[in-house]
Amino acid sequence: MASTVVSLFSIVLLCITAAQGRKTFHLNNEWPTSYALINDVDGICKTMVETQGYTCEEHKVTTEDGYILSLQRMPMGRSGEKADKPPVLLQHGIFSDATTWLINSPDESLGFILADNGYDVWLANVRGTQYSNGHTSLNPNDKAYWDWSWDELAGYDLPAFVQYVYNYTGQRMHYAGHSLGTLMALAALSRGQELNMLRSAALLCPIAHMNQITSLPTKLAADIFIANDIYWLGISEFNPNGGAGSNFVEEICNKLNLNCANLMSLVTGPNCCLNSSKTVISSEPTATKNLIHLSQMIRTGKIAKYDYGDQGENMKHYGQPIPPPYVMTKISNDFPLFLSYGGQDMLSDLNDVQVLLNDLKDHDKNKLVVLFKKNYAHLDFVRAVNANQMVYDPMMAFFKIN
Ligand SMILES: *[C@@H]1O[C@H](CO)[C@@H](O)[C@H](O)[C@H]1NC(C)=O
Ligand SMILES: *[C@@H]1O[C@H](CO)[C@@H](O)[C@H](O)[C@H]1NC(C)=O
């Protein structure tokens, strides 16, 4: 689950584990008639947090465009002492959900580690994932339910999570995101959103510019999505575990003559430090439009709103013929940022991260911490058995002074 997530076309990973993934509601596209948003019996709190001896609360928030999303809160560590540090909002990446932060042992997983260190931990789950599949008027069988990309994750989901946590706790929070969870924050921050409620942001495997990605399967996936976008938009929901989604993954393997069993490292890079006995990776669906949007970025290297590919359509949505850009240099220079990236990462690849760092070259030096991990690939940042010392300790040191 976890991190798999992350990445864009981690989709691909699914081949590996499609058969072992966690149960999802949408096999065969059949949703339960009442898709109860938060199931107290088998929700994340009950299955992943309380089982480890931690207190956990289920929360929900409705976005301005009607999506009903879930959040889990860990208000104290295993000692039972209430958090004495600010809230931290954790935002997972694509094809994943909040379980990203919980999958390893409590001493290795960021969610538990933050709770044990006195932080008030909030785990977000974006629209379309199994614990955030509610809507005030639509349901996941409706095409309209899937009419979104990361523009909406940054513009609606993130603000709803942040506002909810701020309302509930009365405190400004730190943010930590992995992969697409970093793009959501970068996009919001570049527009000056949420600054008054955030103390800082920690970005693991930052995704911003994407045109130098090195993974062949990812590049091929992007080409296929762009070449056939009309067809793919018709699919609307992209579930890598079933139907068109899993066929797509197979097609990529076949075209490149790859063994799907190796795809995880071909897409995310050779992760150094995963626990080999934790092979189960669950995958969450996403909107096909989201994948097309990411494909546009892989092709162009630009960070902009979704391109409808037609000046008239763009005019209709944006009042201008080309999609408005997200300008990274507009991120407030004094906003505290912690940015960590890996030398082996094939999604948040070195060259693209350099372009982002160049965008941030005027950032106040004492407000920007950059942590490079030579041996780490994309999943190591959420799944490595040594990520606690390698990444989370420095991250918490950064939180402490911001
Ligand atoms: C936060 O509180 C304000 C003021 O009470 C309210 O209008 C808003 O709907 C709340 N937002 C969330 C996401 O809880
Ligand atoms: C790997 O996972 C197994 C099963 O959950 C666990 O028993 C073991 O301690 C883990 N190893 C490391 C190095 O964390």
Side-chain angles (χ1 to χ4, degrees), residues 1-4 16-17 20-22 37-38 44 47-54 57-73 75 78 86-91 98-113 116 120-127 131-132 134-136 152-173 175 184-185 188 193-198 264 270-282 373 375-377 379-393:
M1 26 198 112
S3 6
T4 317
I16 324 176
T17 43
Q20 328 166 22
R22 290 174 4 159
L37 168 61
I38 292 165
I44 290 176
T47 59
M48 305 272 307
V49 181
E50 290 172 12
T51 47
Q52 301 281 6
Y54 288 72
E57 304 166 3
E58 295 281 357
H59 289 261
K60 55 181 165 175
V61 60
T62 303
T63 65
E64 262 181 44
D65 58 348
Y67 289 81
I68 305 171
L69 311 178
S70 75
L71 286 151
Q72 290 78 36
R73 179 195 196 194
R78 72 188 115 178
V88 182
L89 177 65
L90 296 181
Q91 179 57 64
T99 57
T100 300
W101 311 106
L102 306 168
I103 189 162
N104 277 348
S105 75
D107 293 322
E108 296 166 344
S109 303
L110 184 58
F112 296 114
I113 289 172
D116 283 334
D120 180 8
V121 179
W122 292 79
L123 308 169
N125 299 269
V126 301
R127 60 183 63 189
Y131 300 107
S132 289
H135 189 280
T136 51
E152 282 73 24
L153 302 184
Y156 293 102
D157 291 17
L158 177 72
F161 293 135
V162 169
Q163 186 73 57
Y164 184 89
V165 172
Y166 183 76
N167 278 13
Y168 198 91
T169 64
Q171 291 195 66
R172 292 161 63 233
M173 69 209 74
Y175 178 96
M184 289 166 60
Q193 283 170 224
E194 317 314 328
L195 287 171
N196 55 339
M197 289 179 279
L198 293 180
M264 173 146 87
N271 298 288
C272 63
C273 306
L274 309 188
N275 183 337
S276 54
S277 72
K278 298 217 185 262
T279 53
V280 176
I281 297 174
S282 89
K373 291 283 126 194
N375 297 331
Y376 267 28
L379 299 184
D380 285 313
F381 287 86
V382 281
R383 296 278 297 277
V385 295
N386 62 357
N388 45 8
Q389 284 108 33
M390 294 293 150
V391 180
Y392 307 153
D393 283 350

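We count ligands from 1, going down the list as the structure has it; atoms in each ligand are counted the same way. What's counted below: heavy atoms across the whole structure, side chains too, no hydrogens, waters or symmetry copies.
- Nearest non-hydrogen protein atom to atom 3 (C) of ligand 2 is Ser277 OG, 3.2 Å.
- Remark: the Asp107 side chain and the Ser105 side chain contain no N/O donor-acceptor pair separated by less than 3.5 Å.
- When only non-hydrogen protein atoms are considered, atom 2 (O) of ligand 2 lies nearest to Asn275 ND2, 2.2 Å.
- If you number the atoms of ligand 1 from 1 as listed, the ones under 4.0 Å from a heavy atom of Val61 come out as 13 (C).
- Note that atom 11 (N) of ligand 1 has protein non-hydrogen atoms nearby, at separations under 4.0 angstrom.
- For the pair Arg127 and Tyr67, the cation-pi criterion (under 6.0 Å, within 45° of the ring axis) is fulfilled.
- Of the protein's heavy atoms, Asn167 ND2, 4.7 Å lies nearest to atom 9 (O) of ligand 1.
- Using a 30° and 60° split on the angle between ring planes, Phe381 and Tyr376 fall in the perpendicular class, above 60°.
- Asn125 places no side-chain N or O within donor-acceptor distance of the main-chain N or O of Ser132, the cut-off being under 3.5 Å.
- The pair Lys373-Asp380 fails the salt-bridge criterion, with no side-chain N (NZ, NE, NH1 or NH2) lying under 4.0 Å from an Asp/Glu carboxylate O.
- Within the listing of ligand 2, atoms 12 (C), 14 (O) sit less than 4.0 angstrom from a heavy atom of Glu108.
- Looking only at protein heavy atoms, the nearest one to atom 5 (O) of ligand 2 is Lys278 NZ, 2.9 Å.
- There is a protein heavy atom less than 4.0 angstrom from atom 14 (O) of ligand 1.
- When each of Val162, Val165, Val121 is checked for a side chain to side chain contact (heavy atoms under 4.5 Å, CB included) with Pro87, only Val165 meets the rule.
- A perpendicular orientation is assigned to the rings of His59 and Tyr164, their planes being inclined by more than 60° (bins at 30° and 60°).
- For atom 7 (O) of ligand 2, the nearest protein heavy atom lies 4.0 Å away or farther.
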